[in-house]
Amino acid sequence: MSAPTSASNSTSFDWLYRGTTEIFPDQPESEDPSQNLTQRLIQSDRPLRVKLGIDPTGTDIHLGHSIPVRKLRAFQDAGHTAVLIIGDFTARIGDPTGKSEVRKQLTEAQVKQNAQTYLEQLRPVLDFDTPGRLEIRYNSEWLSKLDLSKILELLASMTVGQMLAKEGFAERFGQESPIYLHEFLYPLMQGYDSVAVQADVELGGTDQKFNLAVGRDLQRLFNQTPQFGLLTPILIGTDGVQKMSKSLGNYVGLSEDALTMYSKLEKTPDDQLITYFELLTNLPLDTLPENPRDRQKQLALEVVTQFHGADAATQAQKDAQNLVAGATGAADNVPEFSLSTVEFPVPIFYLVSASGLCKSSGDARRQIQGGGVKLDGEKVTDVNQKFAQADELTGRILQMGKKKFVRLIP
RNA sequence: GGGUCGGUGCCCGAGUGGUUAAUGGGGGCGGACUGUAAAUCCGCUGACUACGUCUACGUUGGUUCGAAUCCAACCCGGCCCA
């Protein structure tokens, strides 16, 4: 799984190959800088322009989205120019990749706002500060100006057969589900982005291969040196099975708070651990702890540090441990519930519901019957157990499950 | 516009006149267990201070002792034809 650090090109280009699935074109033995990216990096007398496009179609991005962005950062750190393209124009069409449905159209305002939050979330990942290392471009800048003759030129560069070879199209065509003509324009527009910014390299997930290849074709058409394509893996989600995606709920969002992030990463499935380290951190892979549990913790700590800083990360680790251990010891942070809001005598189930530990009194009854409610650490067994006076309860701690506590006050 | 199928609880999806608060799965919440808030196993999963009452099967009416189930109109969606 880890990138082979072969003897020939070791040391200096580890950053390039770490977590890289494929680079094309790629002729390892060749010294031709148009066929071998490391040769290009060595021989070039200027920083390369490394393109990554993001379509601001939603509001949140997750660790899966951050993979190619991290690679972009690696290029920045090696002295190259990151060209981050905000696909404000393309977002309104939607990339058919991997989608069985036509994406719903977004309004201009939505797209604009999404773009803002995206940049905000990417701030910890990219180098925004070093002069000359980051160029942010909106592709409406050139795409909205294309006139019909130019569009025809783009369209004429490709055949229907080639287009239908693309994964998403092939499936949909086979299933006789609709493919709208404007969707054919998407790969061409993304490719044209490469022309517009004169990209030397374009990054993308493995599902982007087709689109990156179109970029090469179009650059050739416009007499530019075709870009290299560099593909990064699709990150598996926290469930360890399916790709990370918001709709599957197996994601870790870049804007999540430290504790949430830590808690999710701390239980990364064992067989995904190395991959996560490889793709989400820069830690050397041969010095990881032996114990898988320790690996999980280190991974969580490391990634949270990237987004929230070291202090917040260690705090999150502590908080997470306390939560699991049971928080009765750390009684300081327990919310309070005033008994003055209930009428006595009060049955225990009502108390559990009224204090907000359960969403309804029916739920409270069931939880008590299921053995999930404790008073001062002692399991409550009788749903209808009654308390006549407030002082019977004052100062005691009511607990629901492992994580929800309430201190009863007058 | 015509035809046809369908709209069920957080989601998916059974149920086609009477123990139906409504099978099953997912998700969620508890319990046990564990290196984990993982995996596995078990329980719960409409509301109400509750042996009863109320609200629920797209909407509104109707038939019936009784309907999510039958009828009518309307709204929304899929597919087919134009």
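Just so it is clear, the structure is predicted and the values come from calculations on it, not from any experiment. Convention: sequence-line order gives letters A, B, ...; per-chain numbering from 1.
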[atom1] of [X] versus [atom2] of [N]: gap in Å, rounded?
{"X": "A:N291", "N": "B:U34", "atom1": "CG", "atom2": "C1'", "value": "13 Å"}
{"X": "A:D271", "N": "B:A39", "atom1": "CG", "atom2": "C1'", "value": "12 Å"}
{"X": "A:Q369", "N": "B:G30", "atom1": "CD", "atom2": "C1'", "value": "12 Å"}
{"X": "A:E378", "N": "B:G31", "atom1": "CD", "atom2": "C1'", "value": "17 Å"}

Separation between the C1' atoms of B:G43 and B:G52, rounded to whole Å: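 Taking atom C1' in both B:G43 and B:G52, they lie 25 Å apart.
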
Using the P atoms only, state how far B:G26 lies from B:G17, rounded to an integer number of Å. 29 Å

Carboxylate-amine/guanidinium contact A:R220 A:D217, below 4.0 Å: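 A:D217 and A:R220: salt-bridged.
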
Between A:D127 and A:R73, is there a salt bridge with N-O shorter than 4.0 Å? no

State whether [X] places a side-chain N or O below 4.0 Å from either non-bridging phosphate oxygen (OP1 or OP2) of [N].
{"X": "A:S361", "N": "B:C48", "answer": "yes"}
{"X": "A:K379", "N": "B:G31", "answer": "no"}
{"X": "A:R295", "N": "B:A38", "answer": "no"}
{"X": "A:S360", "N": "B:C48", "answer": "yes"}

Let me spell it out: for each of A:P347 and A:D294, pick the nucleotide of RNA chain B with the closest heavy atom. Which residue's pick is nearer the 5' end?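 That would be A:D294.
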
Toward the 5' end of RNA chain B, by each residue's nearest nucleotide, A:G371 or A:V342: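 Comparing both residues, the 5'-ward one is A:G371.
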
Ignoring hydrogens and angles, are the base of [N] and the side chain of [X] linked by a donor-acceptor pair under 3.5 Å?
{"X": "A:D363", "N": "B:G28", "result": "no"}
{"X": "A:R293", "N": "B:U36", "result": "yes"}
{"X": "A:Q296", "N": "B:G35", "result": "yes"}

Is there a side-chain contact between A:L288 and A:D294 (heavy atoms, below 4.5 Å)?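 No. Closest side-chain heavy atoms not under 4.5 Å.
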
Among [options], which is the nearest nucleotide to the side chain of [X]?
{"X": "A:K267", "options": "B:C33, B:U49, B:U36", "value": "B:U36"}
{"X": "A:P292", "options": "B:G30, B:A50, B:G35", "value": "B:G35"}
{"X": "A:M400", "options": "B:G30, B:A50, B:U45", "value": "B:G30"}

Is the charged tip of A:K264 near the ring of A:Y251: under 6.0 Å from the six-membered ring centre and within 45° of its axis? yes

How about A:Q113: does its CD atom have over 12 heavy atoms from other parts shown lying under 6.0 Å from it?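 Not more than 12 within 6.0 Å, no.
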
